Amino acid sequence: MTTTLLHLAVDLVVAVILAYGIYARRHHRGDLACAYLALNVGVCVSVAVLLSVSTASALGLGLFGVLSIIRLRSDSISQQEVAYYFVALVLGLVNGLPSADWRIVAAFNVLLLGVMYVADHPSRTRGPQRRTVVLDTVYPDEQTMLMELRARLGGTVVRHTVSEVDYVREVTVVDVRFRPDTAPVVHGAPAGHR
């Protein structure tokens, strides 16, 4: 019982670091930080309780039930946010095993937190950014559309894919990869020259 409580306490600390120490500080979304924390602690507690059951089939059925209720379709989330969900889930599973060697559990905790800290570090987001842009016009030629995208996004379009053209509503939906300009741009001019 003491080992289980220790694992739950360690899991709670690790989950708070992941959700609020890394994710919330970088992305400013308290709703998802709360979801990551709740998912992690819920999985950890579920695994710890299910492991107290003597039959392996009960454990397997219980884990299947726990994991099947997790849905990522309720809100449009990025691949980056899916990665946080996955790490929160794995941390909960790893920390929920009270019979596991605490040194291995600690090493996995540090490894998973370290990977997310480095992989989602702000210095890694200096490359091209991605946006889905809904333009309120159907453009007769691609160059005019690219000039409009550059003006709206304030950067150089690296790649674009037109995913929808609606002549009835007069909209064009474009998936854009772009590099932001170094100086802030407002309607094609630097912010200081309005």
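Computed from a predicted model, the values in this text were never measured in an experiment.
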Q) Between the side chain of Thr172 and the main-chain N/O of Val165, is any donor-acceptor distance below 3.5 Å? A) no
Q) Transitively linked via ILVMFWY side-chain contacts under 4.5 Å: Tyr117 with Phe86? A) yes
**Q.** Reported OG1-to-CG distance for the pair Thr156 and Leu146, which is rounded to 0.5 angstrom
**A.** 11.0 Å
Q. Which atom pair, heavy atoms only, marks the closest approach of Val162 to Met145?
A. CG2-CE, 3.7 Å
Q. Can you check whether Arg152 reaches Arg131 side chain to side chain, under 4.5 Å on heavy atoms?
A. no
Q: Mind listing the closest non-hydrogen atom pair of Tyr20 and Ala33 along with its distance?
A: CE2-CB, 3.7 Å
Q. What distance do Cys44 atom SG and Leu89 atom CG have between them, rounded to the nearest 0.5 Å?
A. 11.0 Å
Q: Please answer: with hydrophobic residues joined when any side-chain heavy atoms are less than 4.5 Å apart, are Met147 and Leu135 in the same cluster?
A: no
(Q) Any side-chain to backbone donor/acceptor pair from Thr161 onto Asp175? Under 3.5 Å, distance only. (A) no
(Q) Under the side chain to side chain contact (heavy atoms under 4.5 Å, CB included) test against Asp11, which residue among Asn109, Val16, Val43, Asn40 passes? (A) Asn40
**Q.** CG on Leu113 to CG on Leu91, rounded to 0.5 Å
**A.** 6.0 Å
Q | From Asp120 atom CG to Ile22 atom CD1, the distance as rounded to the nearest 0.5 Å | A | 8.0 Å
Q) Hey, any chance Leu111 and Trp102 share a hydrophobic cluster, counting ILVMFWY side chains that come within less than 4.5 Å of each other, even indirectly? A) no
(Q) Measuring from atom CG of Leu32 to atom OH of Tyr85, what distance do you get when rounded to the nearest 0.5 angstrom? (A) 5.0 Å
Q) Which atom names give the shortest non-hydrogen contact between Met116 and Arg26, and what distance separates them? A) O-NH1, 3.8 Å
Q) More than 12 non-hydrogen atoms from neighbouring residues, nucleotides or ligands closer than 6.0 Å to OH on Tyr139, yes or no? A) yes
Q) Is it true that Leu153 and Val173 fall in one hydrophobic cluster, defined by side-chain heavy atoms closer than 4.5 Å? A) no
Q. Does the side chain of Leu8 reach to within under 4.5 Å of the side chain of Val41, using non-hydrogen atoms?
A. no
Q | Polar side-chain atom of Arg29 near backbone of Tyr23 as donor-acceptor pair, under 3.5 Å | A | no
Q) Is it the case that one hydrophobic cluster holds both Val134 and Phe178, taking links as side-chain heavy atoms less than 4.5 Å apart, direct or via other members? A) no
Q: For the residue pair Tyr84 and Tyr36, categorise the inter-ring angle as parallel (less than 30°), tilted (30 to 60°) or perpendicular (more than 60°).
A: parallel
